[in-house]
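Here's the structure we're looking at; comments come further down.
Owing to the predicted nature of the structure, the values given are computational and were not obtained by experimental measurement.
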Amino acid sequence: MVISNSIYANLTAPPPGARQCKYTGQSVRVVPIRILTVGKKRSPGVQLIVDEYIRKLKHYCTVDDVQIRSNPRNASDARAQVDDEDTAMMNIIRSDDWVVMLDENGQDIGSEQMAELVGDAGNTGASRLSFCIGGPYGHGRQLRERANISIKLSTLVLNHQIALLVLMEQLYSL
């Protein structure tokens, strides 16, 4: 079957008004991804889906799923709980990580911007891309200061397990 160049160009061109990713046709340095999640033990169904996404993503890059126990010292004060979770998360993040904090007050981005964020991280010289999902009371001061960018996955408030699944789907669909 012969397809003329003009027809082929129409098939591959983005639709009118659509924004093309700035990395289309370019090679991007792939960085390992680490997903840090604060929370209680995941439900078996959520863990099954996370494991499936990790299995799929490992064809493209290394993916580490790190769970940080919510309220590691059983503090009764919410501020103390956030501080303990913050310290635990900061102990895992390296100085050369590109840190993306998922937060309900972060920048509202779409799939194209997420693709650019991942591409940009590969071009910064960072050794790893770390996505941080906070616990029920959010993120602590240290992580807020350390994060390279703060994003939200939805205008809805998502619990940490749902946020993790949305993030995994976005990473896989890039």
Side-chain angles (χ1 to χ4, degrees), residues 19 21-24 26-40 42 46-47 49-70 72 81-174:
R19 200 172 136 233
C21 178
K22 68 181 179 181
Y23 293 112
T24 301
Q26 298 180 32
S27 64
V28 176
R29 183 169 86 64
V30 177
V31 293
I33 295 174
R34 177 172 280 175
I35 302 169
L36 305 168
T37 309
V38 174
K40 296 176 183 166
R42 291 185 190 139
V46 169
Q47 189 60 54
I49 295 169
V50 168
D51 291 343
E52 179 67 15
Y53 274 115
I54 289 173
R55 186 185 65 72
K56 290 176 180 181
L57 284 165
K58 287 203 175 202
H59 294 287
Y60 307 103
C61 65
T62 304
V63 179
D64 292 323
D65 173 31
V66 178
Q67 297 179 59
I68 298 170
R69 198 178 109 206
S70 182
Q81 179 178 338
V82 169
D83 290 345
D84 288 345
E85 294 165 355
D86 192 36
T87 299
M89 197 169 279
M90 291 304 296
N91 285 338
I92 296 169
I93 295 171
R94 296 189 310 223
S95 62
D96 57 348
D97 283 4
W98 181 262
V99 179
V100 180
M101 181 176 71
L102 279 66
D103 185 74
E104 63 188 29
N105 298 311
Q107 291 180 26
D108 191 8
I109 66 169
S111 296
E112 290 173 345
Q113 291 85 18
M114 176 67 91
E116 289 179 3
L117 184 149
V118 171
D120 289 346
N123 291 332
T124 63
S127 66
R128 181 174 55 202
L129 178 58
S130 291
F131 288 93
C132 302
I133 300 173
Y137 300 108
H139 296 287
R141 181 190 53 79
Q142 294 178 84
L143 182 65
R144 289 185 181 284
E145 291 173 0
R146 170 62 179 87
N148 296 94
I149 187 169
S150 174
I151 65 170
K152 63 179 168 182
L153 297 174
S154 171
T155 55
L156 302 171
V157 176
L158 306 173
N159 78 33
H160 64 278
Q161 291 190 35
I162 300 299
L164 174 62
L165 294 178
V166 171
L167 174 63
M168 298 298 280
E169 170 57 29
Q170 282 302 299
L171 292 173
Y172 180 66
S173 67
L174 299 178

Locate the shortest heavy-atom distance separating Val38 from Glu85; write the atom from each residue and the value. CG1-CD, 3.5 Å

Check: residues 55-64 side-chain donor-acceptor pairs under 3.5 Å, at least two apart:
{"from": "Arg55", "atom 1": "NE", "to": "Glu52", "atom 2": "OE1", "distance (Å)": "3.4"}
{"from": "Arg55", "atom 1": "NH2", "to": "Glu52", "atom 2": "OE2", "distance (Å)": "2.6"}

Return the CG to CD1 distance between Leu102 and Ile149, rounded to the nearest 0.5 Å. 10.0 Å

Between Glu116 and Ile109, is the side chain to side chain contact (heavy atoms under 4.5 Å, CB included) condition met? List the steps. CA-CA 10 Å; Glu116 289 179 3; Ile109 66 169; over 6 Å; no

I need the full list of salt bridge (charged side-chain N to carboxylate O under 4.0 Å, His left out) pairs touching residues 123-142, with sequence neighbours left out, sorted by first then second residue. Asp97-Arg128, Arg141-Glu145

Quick one: list whatever passes salt bridge (charged side-chain N to carboxylate O under 4.0 Å, His left out) with Asp65, sequence neighbours left out. Arg42

Spacing of CG belonging to Asn148 relative to OG belonging to Ser150, to within rounding of 0.5 Å: 11.0 Å

Between CG of Asp108 and NZ of Lys152, what distance do you get to the nearest 0.5 Å? 5.0 Å

Closest non-hydrogen contact found for Ser154 with Leu158 is CB-CD1, 4.1 Å

Could you tabulate the donor-acceptor pairs under 3.5 Å formed by side-chain atoms of residues 131-138, not counting sequence neighbours?
none

When rounded to the nearest 0.5 angstrom, what distance separates CD in Gln107 from CE in Met101? 10.5 Å

Nearest 0.5 angstrom please: Ser130 OG to Ile35 CD1, how far? 9.5 Å

Residue of the set Val99, Asp103, Val82 for which side chain to side chain contact (heavy atoms under 4.5 Å, CB included) holds with Leu143: Val99

How many angstroms lie between CG in Asp86 and CZ in Arg146, if you round to the nearest 0.5 Å? 12.0 Å

Atom of Asn159, atom of Ile162 and distance for their closest heavy-atom approach: OD1-N, 2.9 Å

Considering all heavy atoms of both residues, which atom of Val31 and which atom of Gly122 are nearest to each other, and what is their separation? CG1-CA, 3.8 Å

For residues 88-95, which side-chain donor-acceptor pairs fall under 3.5 Å, sequence neighbours excluded?
{"from": "Asn91", "atom 1": "ND2", "to": "Thr87", "atom 2": "O", "distance (Å)": "3.3"}
{"from": "Arg94", "atom 1": "NH2", "to": "Ser127", "atom 2": "OG", "distance (Å)": "3.0"}

Which donor-acceptor pairs under 3.5 Å do side chains of residues 164-171 form with protein atoms, sequence neighbours excluded?
{"from": "Glu169", "atom 1": "OE1", "to": "Tyr53", "atom 2": "OH", "distance (Å)": "2.4"}
{"from": "Gln170", "atom 1": "OE1", "to": "Ser111", "atom 2": "OG", "distance (Å)": "2.8"}

